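Below is one structure, written out as structure tokens; comments come after it.
Every chain is numbered from 1, with letters handed out A, B, ... down the list of sequences. Since the model is a prediction, treat every value here as computed from it, not as a measurement. Side-chain atoms are counted along with the backbone in the values below, which use heavy atoms only and exclude waters and symmetry mates.
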There are 2 protein chains.
Amino acid sequence: MTTVENGVNVQALLDARTVLKDAPEAAQFTWRASSKWQHGVHSTTRIQQFFGLGQEQSHKTEAVFDADHPAVFAAEDNGITPIEYLLVGLASCLTAGVASVAQNRGIQLRSVESVVEGQHDIRGILGVDSDVRNGFNDIKVTFNIDADASQQEIEALVAQSQKRSAVFDALTNPTNVTVEVA
Amino acid sequence: MTTVENGVNVQALLDARTVLKDAPEAAQFTWRASSKWQHGVHSTTRIQQFFGLGQEQSHKTEAVFDADHPAVFAAEDNGITPIEYLLVGLASCLTAGVASVAQNRGIQLRSVESVVEGQHDIRGILGVDSDVRNGFNDIKVTFNIDADASQQEIEALVAQSQKRSAVFDALTNPTNVTVEVA
């Protein structure tokens with residue numbers, strides 16, 4: 001039995017695994033965002049409702065996010081750029097995984113920090129060179145973790161988090177995206 | 001000459017395209033996020049500095065984002081889930097593209113709204129079934145656009161935005177992600 005306290009309810013996750021094994025339809029989630037153009041390249045995106053466990057669900061509050069381009073792109077910088085939101089998702093997903101795996105393995109965490117850096121050649125989006133892709137060329141994540149564990153155990157935590165990360169998968173493997181006009 | 005006003009400085013973008021054609025090193029950007037574990041699967045990610053045009057740059061303010069898991073995952077719902085941040089990035093990137101392309105084509109926009117839905121089978125991240133991927137199964141974006149343009153012109157706007165979108169590329173094609181422990 002683990003006596004560590006990282007704040008993750010691992011038992012609930014293990015129970016969910018058991019339940020969803022026999023109820024795959026309950027495991028089908030739909031995450032949703034609603035976006036509204038403001039002016040220029042500034043937009044506001046809202047998230048609250050989602051679907052899962054067979055019914056509509058709701059976050060306890062609505063979250064609102066501004067995106068824009070910075071002044072060096074001749075825009076007003078009313079929010080971070082859209083592509084930076086991918087780094088927020090990646091950092092937070094891997095961090096949640098580290099905490100969950102640590103709890104499951106009985107490792108007490110004291111601090112988990114990470115820096116995510118995405119290399120981006122903007123000649124792609126500007127249409128300067130069709131051989132340059134629009135997205136990131138590559139992404140590097142560097143973790144700094146203080147825990148009651150050896151360096152090897154910490155590296156194994158991070159490796160297992162990566163293996164189970166939804167966002168790591170979404171960025172390293174292709175997803176089908178359909179874009180339609182109503 | 002276009003007389004429409006969508007708030008996008010298209011001339012600056014066309015000028016940047018010309019300048020960066022002969023200065024590819026200035027087009028190399030690095031976007032950065034710094035994340036800190038709070039408790040459970042709750043983390044806080046900050047974004048302000050980035051590198052581009054050959055030097056350090058800064059957003060005018062620091063942006064701070066909380067991520068957590070919802071109550072149905074036995075967590076505290078102190079922010080949206082990490083994977084939802086990808087939908088924020090996708091919606092805002094395609095919307096910025098629609099505004100930019102419309103400005104370049106002389107189309108006056110009145111409103112641009114979109115809903116993004118990501119299908120996610122959570123049996124992957126829970127380790128219920130190794131044939132189920134961790135990330136989204138697929139993503140659908142539906143635009144609702146009011147503009148001085150035909151339905152065909154509006155569909156062409158959205159198609160061109162998709163073709164030049166950094167986030168659309170990042171989600172539909174693989175990116176190399178390296179994760180290290182300091």
Side-chain angles (χ1 to χ4, degrees), chain A residues 7-9 12 17 21 27 29 31 33 35 37 39-41 43 45 47 60 63 65 67 74 77 80 82-89 91-93 95-96 112 114 116 118 120 122-123 126 128 134-136 138-141 143-144 155 162 166-167 169-171 175-179 181-182, chain B residues 7-9 12 17 21 27 29 31 33 35 37 39-41 43 45 47 60 63 65 67 74 77 80 82-89 91-93 95-96 112 114 116 118 120 122-123 126 128 134-136 138-141 143-144 155 162 166-167 169-171 175-179 181-182:
Chain A
V8 180
N9 188 339
R17 183 194 290 189
K21 200 164 205 140
F29 275 63
W31 303 105
S35 196
W37 172 60
H39 184 251
V41 294
S43 65
T45 302
I47 288 185
K60 65 186 180 192
F65 304 99
D77 199 20
I80 64 169
I83 204 170
E84 288 174 292
Y85 278 105
L86 304 189
L87 304 184
V88 177
S92 56
C93 195
T95 300
V112 181
S114 62
V116 184
H120 190 206
I122 66 164
R123 289 179 301 164
L126 284 170
V128 173
N134 294 322
F136 291 117
D138 67 69
I139 299 174
K140 185 179 173 187
V141 184
F143 271 99
N144 220 306
E155 284 172 4
Q162 193 175 329
V167 175
D169 174 31
L171 293 177
T175 301
N176 180 53
V177 179
T178 308
V179 184
V181 179
Chain B
V8 180
N9 188 340
R17 182 194 291 189
K21 200 163 205 139
F29 275 62
W31 303 105
S35 195
W37 172 61
H39 184 252
V41 294
S43 65
T45 302
I47 287 185
K60 66 186 179 193
F65 304 97
D77 199 19
I80 63 169
I83 203 169
E84 289 175 292
Y85 279 105
L86 305 189
L87 304 184
V88 177
S92 56
C93 195
T95 300
V112 180
S114 63
V116 184
H120 190 206
I122 67 165
R123 290 179 300 164
L126 284 170
V128 173
N134 293 323
F136 291 117
D138 67 67
I139 299 175
K140 185 178 173 186
V141 184
F143 271 99
N144 219 306
E155 284 173 3
Q162 193 175 330
V167 175
D169 174 33
L171 293 177
T175 301
N176 180 54
V177 179
T178 307
V179 183
V181 179

Based on non-hydrogen pairs under 4.5 Å, which of [options] is most in contact with chain B?
options: A:Leu171, A:Val8, A:Val41, A:Val141; value: A:Val141
options: A:Thr95, A:Asp138, A:Ile122, A:Leu87; value: A:Ile122
options: A:Ala33, A:Cys93, A:Ala91; value: A:Ala33
options: A:Gly7, A:Pro82, A:Ala74; value: A:Pro82

I'd like to know which of [options] tops the heavy-atom pair count under 4.5 Å against chain A.
options: B:Phe65, B:Tyr85, B:Trp37; value: B:Trp37
options: B:Thr175, B:Thr178, B:Ile83; value: B:Thr175
options: B:Ala12, B:Ala170, B:Ala27; value: B:Ala27
options: B:Gly89, B:Ala96, B:Ser35; value: B:Ser35

Measure from the side-chain N and O atoms of [X] to the backbone N and O of [Y], and report whether any donor-acceptor pair falls under 3.5 Å.
X: A:Asp77; Y: B:Lys60; answer: yes
X: B:Asn134; Y: A:Ala166; answer: no
X: A:Arg17; Y: B:Leu126; answer: yes

Legend entry - B:Asn176 vs A:Ile139 side-chain heavy atoms within contact, under 4.5 Å: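 SC-SC contact between B:Asn176 and A:Ile139 ruled out.
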Legend entry - Side chains of B:Val167 and A:Leu86 in contact at under 4.5 Å (non-hydrogen atoms): yes
Nearest non-hydrogen partners of [X] and [Y], listed with the distance:
X: B:Val181; Y: A:Glu155; answer: CG2-CG, 3.8 Å
X: A:Ala63; Y: B:Ile80; answer: CB-CG2, 3.7 Å
X: A:Glu84; Y: B:Ile47; answer: OE2-CG2, 3.2 Å
X: B:Asp169; Y: A:Gly135; answer: OD2-N, 2.6 Å
X: B:Ala182; Y: A:Asn144; answer: CB-ND2, 3.8 Å

Legend entry - Under 4.5 Å from a heavy atom of chain B, the part of A:Phe136 involved: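 When you check distances to chain B, atoms from both the backbone and side chain of A:Phe136 fall under 4.5 Å.
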Inset, instruction - Go through the atoms of A:Ser43 and report whether side chain, backbone, both or neither lie under 4.5 Å from a heavy atom of chain B. - result: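 The answer is the side chain of A:Ser43.
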Legend entry - Proximal component of B:Thr45, with respect to chain A [non-hydrogen, under 4.5 Å]: side chain
